[in-house]
Amino acid sequence: MRTGKINTTGERGVALIMVLGMIAVLTLLATHLMATSQVTAREAKVLTTRQHLAYVAESATSRALWMLLADRKLHLNDHRNLLSPPGSREGQETGGVWRADGRVHELVQGEDMALVMIRDADNGLDVSGNNPAGTLRELVVSDEEDDPDRQQRVERFLDVLRDYVDGNDLRQLHGKERDDYRAEGYYHMPRNEPLQFREEILWVENAAVVLPLASTGQGLDAIRVVPPVGQRYPNSKGPAFLSSSPGLIQKKLGLGDEELKAVLEARAQYLREEVSLADLLSPELYSRVLSLFSVSESGIASFVATATDAGGQIRRTLRMTQDSREPALRTRIGVHPVIRNWERVVE
């Protein structure tokens, strides 16, 4: 019987490779778990911070609203004209001047700080009601006849908008009705009733013809918030001058580019230095502003509150439009003032 020595060198080498491979796998798993836990912790921190900042922005908005109401109560008959410099009122009972004029206020709440801007919501293009096309026509139709393509798009937009809000299936000359939308794959359009929110205008074909008028760097902010059912803006002679977009100001006043630049600079200087706008514009131009724009608060205020973390890397913004006029709702326990939210968006 033959016997021989068993060669264990190869087996030991294979075992060593297997152990090293297992260690490498375990190391990768451990690294992955550590990285995952770190990412999860950071995500949780970011989410927590974002939620906290949302509450800070909401708190700042509520505080700004009550500061505005307090200012209005203390100064009901004076300085509600937004073009009259508040001047001597600075630092009085309400901690400064609180008006819907577009000024930015710093609100410190504990260790947090938020910037709040209050603008008059009655500030531009009106797309509500049963005939928004009639309201927009004078602003989007150009007097220039050298751009037939744009004129055609404007007429198309107005007719499509009419069909979108009317309650029938009769097609305007350049309009669209249910069959046209279905052919494009949209089975729940048109609405066939008034718009419910301003962003809905973007669903109307060729809506880009109104966007230059609403160009403020903040999307559709210069298109008025659509009031809730049963509510409406107070009657005024025009949009709020301090809240209107450059495009709308240029269109309504019939300004050239250089004139518009001068008007915008005068508006910024008024807000920055609290000097009278009458001293910054020519008498003729100032008179046109007063005749075509509103310079008093409508009572419908839009608040934009932005809260930022200590590092300045995380930010939350709350946009809220509220009817802060003096309506009353009779309840079982008496008469109480009502503050109605018209819009609330957290970004």
Side-chain angles (χ1 to χ4, degrees), residues 58 61-62 64-66 68-69 72 80 82 99-102 117-140 157-158 161-167 189-204 207 210-211 213-214 216 218-245 248 252 292-305 317-330 336-347:
E58 185 164 3
T61 300
S62 299
L65 170 63
W66 290 112
L68 176 65
L69 295 177
R72 185 185 302 164
R80 302 327 295 179
L82 298 182
R99 305 191 301 188
D101 55 11
M117 180 178 65
I118 310 175
R119 303 169 67 228
D120 200 297
D122 189 3
N123 61 359
L125 305 179
D126 181 11
V127 296
S128 63
N130 296 318
N131 186 25
T135 305
L136 294 177
R137 168 172 281 279
E138 63 174 308
L139 295 174
V140 298
F157 163 74
L158 294 174
L161 181 58
R162 289 189 186 94
D163 283 339
Y164 190 89
V165 301
D166 65 24
M189 295 172 69
R191 178 178 291 282
N192 282 336
E193 59 184 31
L195 303 184
Q196 292 186 353
F197 47 93
R198 60 181 171 179
E199 287 79 7
E200 200 171 350
I201 194 70
L202 297 177
W203 294 350
V204 179
V210 304
L211 296 185
L213 297 176
T216 61
Q218 299 178 7
L220 295 177
D221 273 7
I223 293 181
R224 294 196 320 186
V225 173
V226 175
V229 177
Q231 305 298 315
R232 63 182 179 86
Y233 287 93
N235 294 327
S236 65
K237 59 185 176 182
F241 174 71
L242 296 180
S243 301
S244 293
S245 68
L248 186 60
K252 289 186 70 68
L292 295 174
F293 289 89
S294 172
V295 295
S296 299
E297 291 178 333
S298 68
I300 317 297
S302 289
F303 300 83
V304 180
T317 298
L318 171 64
R319 303 177 185 275
M320 181 177 294
T321 298
Q322 295 180 318
D323 184 349
S324 59
R325 290 174 291 181
E326 299 296 330
L329 177 66
R330 184 170 297 278
H336 298 272
V338 176
I339 298 174
R340 297 181 176 91
N341 285 340
W342 284 19
E343 181 186 57
R344 186 178 186 278
V345 179
V346 181
E347 299 175 353

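Predicted model, so just to flag it, every value in this text is computed and none were measured.
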Practice task
Of all the heavy-atom pairs spanning Ala133 and Arg162, show the shortest one and how long it is.
Solution key: CB-CG, 3.6 Å

Practice task
Decide side-chain contact (heavy atoms from CB on, under 4.5 Å) for Val165 and Glu193; before the verdict, give the C-alpha distance in whole Å, the side-chain angles of both, and the deciding distance to 0.1 Å.
Solution key: CA-CA 4 Å; Val165 301; Glu193 59 184 31; over 6 Å; no

Practice task
Look up atom CZ in Phe197 and atom CG in Leu202, then write down how far apart they are to the nearest 0.5 Å.
Solution key: 9.5 Å

Handout entry: Approximate separation, where rounding is to 0.5 Å, of Ile118 CD1 and Leu65 CG
Key = 8.0 Å

Completion exercise
Minimal heavy-atom distance between Asn192 and Asp163, with the atoms involved, is OD1-O, 3.3 Å

Exercise for the section: Report, as yes or no, whether the 6.0 Å neighbourhood of atom CZ on Arg232 holds more than 12 heavy atoms from other residues, nucleotides or ligands. Expected result: no

Handout entry: Close side-chain approach of Leu248 to Pro239, heavy-atom, < 4.5 Å
Key = yes

Practice task
Might you work through the side-chain contact (heavy atoms from CB on, under 4.5 Å) test for Gln196 and Val226, ending with a clear yes or no?
Solution key: CA-CA 6 Å; Gln196 292 186 353; Val226 175; 5.9 Å; no

Practice task
Indicate yes or no for a side-chain donor-acceptor contact from Glu343 to the backbone of Thr321 under 3.5 Å, with no hydrogens or angles considered.
Solution key: no

Handout entry: Nearest atoms (heavy-atom pairs only) where Trp342 meets Gln231
Key = CZ2-CB, 3.8 Å

Problem - Test item: Ser244 and Lys252 side chains (from C-beta on) under 4.5 Å apart, heavy atoms - result: no

Handout entry: Check ion pair Arg319-Glu347 (N to O, under 4.0 angstrom)
Key = yes

Exercise for the section: Count the heavy atoms belonging to other residues, nucleotides or ligands that lie under 6.0 Å from CG of Asn130, then report whether that count exceeds 12. Expected result: no

Exercise for the section: Mind checking the CG-CG spacing from Leu161 to Leu136? Nearest 0.5 Å is all I need. Expected result: 6.5 Å

Problem - Exercise: do Ser243 and Asp120 side chains pair donor with acceptor under 3.5 Å - result: no

Fill in the blank from the handout: Rounded to the nearest 0.5 Å, the CZ atom of Phe241 sits from the CG atom of Asp101 at a distance of 12.5 Å

Problem - Minimum heavy-atom distance Gly129-Pro194, with the two atoms named - result: O-CB, 3.5 Å

Practice task
Evaluate the side-chain proximity of Ile300 to Pro234: yes if any heavy-atom separation is below 4.5 Å, no if none is.
Solution key: yes

Problem - Non-hydrogen atoms of Arg99 and Leu68 that approach each other most closely - result: CA-CD1, 3.8 Å

Handout entry: Contact summary for Val127 and Leu195, nearest pair of heavy atoms
Key = O-CD1, 3.4 Å

Problem - Nearest-0.5 Å distance, OH of residue Tyr233 to CG of residue Asp323 - result: 9.5 Å

Handout entry: Side chain proximity check, Leu318 to Phe303, heavy atoms < 4.5 angstrom
Key = no

